[in-house]
Engineer: 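Handing you this structure, nothing more for now.
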Amino acid sequence: MDSPAPLPSPVSTPTSRKEELRQTLRERRRRLSGQEQHTAAAALANQVLRWLQAAPGTGCIAAYLSVPPEPGTGELLPALIEAGYDVVVPVCEAQYQLSWVSWKPGVELAKSPRAPLWEPVGERRHFTAVMPFRLVLVPGLGMDVRGSRIGQGGGYYDRFLAQLRLEQPDADRLGYVYDEELLAPGIIETTPLDMPLNGVFTPSGLHSVG
């Protein structure tokens with residue numbers, strides 16, 4: 001695997017540095033071709049399935065419905081169902097909270113009123129009602145080798161992960177990004193509100209962090 005991708009260090013306040021980094025990472029994604037996105041999605045799905053087979057356990061899998069050019073979950077989710085796993089995906093609620101809805105191929109989708117994405121129609125449950133989690137796949141624009149993550153800026157996942165840490169501290173919380181989005185330490189500015197992960201999936205493999 002190549003070394004973690006370096007990015008130029010922005011200047012000014014931590015908030016502006018984070019937003020500049022987000023813009024850089026979003027632009028990098030926009031430059032990916034459709035074929036590159038498809039190839040990465042297939043490789044990511046394979047990495048997740050291999051990991052699950054090698055580390056058997058119980059509980060459902062918290063995934064998400066990707067929106068291009070995010071790392072795709074369109075191949076992964078049906079494969080998880082076919083392999084016999086229960087899958088839940090998030091729904092954005094008021095006050096930047098997440099509910100969870102069961103996902104299966106063909107489930108009805110509706111446009112979220114709070115985020116630019118589609119969400120499944122069905123019973124919305126608090127995460128404590130679907131625990132334990134076998135795996136929590138966490139989206140992001142980039143993650144570093146220390147487990148720090150930079151998301152889209154809404155804070156939905158950081159709030160969820162903070163609660164999850166109290167209820168199921170041993171849950172595997174693993175990122176899901178492109179290879180070039182595994183960043184060197186020091187690139188991502190963090191605060192006490194930013195919840196670290198304990199690993200990162202990329203098309204080239206699962207990377208431990210710490």
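Residues: numbered from 1 along the sequence shown.
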Engineer: Under the 3.5 angstrom rule, does the side chain of Arg28 hit a backbone N or O of Thr24 as a donor-acceptor pair?
Structural biologist: no
Engineer: Is the closest side-chain heavy-atom distance between Arg22 and Ile150 below 4.5 Å?
Structural biologist: yes
Engineer: Side-chain heavy atoms under 4.5 Å apart, restricted to Ile/Leu/Val/Met/Phe/Trp/Tyr: what other residues fall into the cluster of Tyr178, or is it alone?
Structural biologist: Leu32
Engineer: Could you list the donor-acceptor pairs under 3.5 angstrom formed by side chains in residues 67-74, with sequence neighbours left out?
Structural biologist:
unit_1 : atom_1 : unit_2 : atom_2 : d
Glu70  : OE1    : Val67  : N      : 2.7
Thr73  : OG1    : Tyr64  : O      : 2.8
Thr73  : OG1    : Ser66  : N      : 3.1
Thr73  : OG1    : Ser66  : OG     : 3.4

Engineer: Return the orientation label for the Phe160 and Trp100 ring planes: parallel under 30°, perpendicular over 60°, tilted otherwise.
Structural biologist: tilted
Engineer: Distance alone, cut at 3.5 Å: any donor-acceptor contact between the side chains of Thr39 and Gln35?
Structural biologist: yes
Engineer: Do you see a donor-acceptor pair shorter than 3.5 Å between the side chains of Ser99 and His126?
Structural biologist: no
Engineer: Give the minimum heavy-atom separation between His38 and Glu75, together with the two atoms involved.
Structural biologist: CE1-OE2, 2.9 Å
Engineer: Using the rule that two of Ile, Leu, Val, Met, Phe, Trp, Tyr join whenever any of their side-chain heavy atoms come within less than 4.5 Å, decide whether Val138 and Leu49 are in one cluster.
Structural biologist: yes
Engineer: Do Leu76 and Tyr176 have side-chain heavy atoms sitting under 4.5 Å apart?
Structural biologist: yes
Engineer: Let me see the working for Leu21 and Ile187 under side chain to side chain contact (heavy atoms under 4.5 Å, CB included), right down to the final yes or no.
Structural biologist: CA-CA 8 Å; Leu21 178 58; Ile187 296 296; 4.0 Å; yes
Engineer: Would you check if Val136 and Asp172 make a side-chain contact, meaning some heavy-atom pair closer than 4.5 Å?
Structural biologist: no
Engineer: Between Ile81 and Trp103, is there a side-chain heavy-atom distance shorter than 4.5 Å?
Structural biologist: yes
Engineer: Using a strict threshold of under 4.0 Å (side-chain N to carboxylate O), is an ion pair present between Glu36 and Arg31?
Structural biologist: no
Engineer: Could you go step by step and tell me if Leu206 and Gln47 meet the side chain to side chain contact (heavy atoms under 4.5 Å, CB included) rule?
Structural biologist: CA-CA 7 Å; Leu206 173 62; Gln47 296 294 350; 5.8 Å; no
Engineer: Can you tell me if Arg114 has over 12 outside heavy atoms packed within less than 6.0 Å of its CZ?
Structural biologist: yes
Engineer: Using distance alone, with no hydrogens and no angle criterion, decide if Thr190 and Arg146 have a side-chain donor and acceptor under 3.5 Å apart.
Structural biologist: no
Engineer: If we ignore hydrogens and angles and just use 3.5 Å, is the side chain of Glu119 paired with the main-chain N or O of Cys92 as donor and acceptor?
Structural biologist: yes
Engineer: Side chain of Arg124, backbone of Gly122: donor and acceptor closer than 3.5 Å?
Structural biologist: no
Engineer: Strictly distance-based, threshold 3.5 Å: is any side-chain N or O of Asn198 a donor or acceptor partner for the main-chain N or O of Arg173?
Structural biologist: yes
Engineer: Is the shortest side-chain heavy-atom distance between Met131 and Phe133 below 4.5 Å?
Structural biologist: yes
Engineer: Check the side chains of Gln163 and Gln97 for a donor-acceptor pair under 3.5 angstrom, ignoring hydrogens and angles.
Structural biologist: yes
Engineer: Do you know the tightest heavy-atom contact between Leu65 and Trp118?
Structural biologist: CD1-O, 3.6 Å
Engineer: Would a 4.5 Å heavy-atom cut-off, applied to side chains only, mark Leu135 and Val48 as touching?
Structural biologist: yes
Engineer: Mind checking what makes side-chain hydrogen bond (donor to acceptor under 3.5 Å, both in side chains) contact with Ser148, not counting sequence neighbours?
Structural biologist: none
Engineer: Could you walk me through whether Ile61 and Val88 satisfy the side chain to side chain contact (heavy atoms under 4.5 Å, CB included) test, starting with their C-alpha distance in whole Å, then the side-chain angles of each, then the deciding distance to 0.1 Å, before giving a yes or no?
Structural biologist: CA-CA 6 Å; Ile61 295 176; Val88 294; over 6 Å; no
Engineer: Using every non-hydrogen atom in the two residues, find where Leu44 and Pro203 come nearest and quote the distance to one decimal.
Structural biologist: CD2-N, 3.7 Å
Engineer: Between atom CZ of Arg17 and atom CD1 of Ile188, what is the distance when rounded to the nearest 0.5 Å?
Structural biologist: 13.0 Å
Engineer: State, with a plain yes or no, whether a side-chain heavy atom of Leu197 is found less than 4.5 Å away from one of Leu174.
Structural biologist: no
Engineer: Would you name the heavy atoms of Leu52 and Tyr85 that are closest together and state the gap between them?
Structural biologist: CB-OH, 3.3 Å
Engineer: Give a yes or no on this: more than 12 heavy atoms of other residues, nucleotides or ligands lie within 6.0 Å of atom CD of Glu27.
Structural biologist: yes
Engineer: Indicate yes or no: does Arg26 engage Glu19 in a salt bridge with an N to O separation below 4.0 Å.
Structural biologist: yes
Engineer: Could you tell me whether a side-chain N or O of Arg149 sits under 3.5 Å from a main-chain N or O of Leu141, the two making a donor and an acceptor?
Structural biologist: no
Engineer: Closest heavy-atom contact between Val89 and Pro120?
Structural biologist: CG2-CG, 3.3 Å
Engineer: For the residue pair Val121 and Leu109, establish whether any side-chain heavy-atom pair is separated by less than 4.5 Å.
Structural biologist: no
Engineer: With a 4.0 Å cut-off on N to O distance, would you call Arg29 and Glu181 a salt bridge?
Structural biologist: yes
Engineer: Decide if atom CG of Asn46 counts as having more than 12 heavy atoms of other residues, nucleotides or ligands within a radius under 6.0 Å.
Structural biologist: yes
Engineer: So, Lys18 and Asp194, do they make that salt bridge, N to O below 4.0 Å?
Structural biologist: yes
Engineer: Are Tyr157 and Val209 joined in one hydrophobic group, where the rule is that I, L, V, M, F, W and Y side chains link up if heavy atoms are under 4.5 Å apart?
Structural biologist: yes
Engineer: For Met195, is there any backbone N or O sitting under 3.5 Å from a side-chain donor or acceptor partner on Asp158?
Structural biologist: yes
Engineer: Where is the tightest heavy-atom contact between Leu98 and Pro90, given as atom of each residue plus distance?
Structural biologist: CD2-CB, 4.0 Å
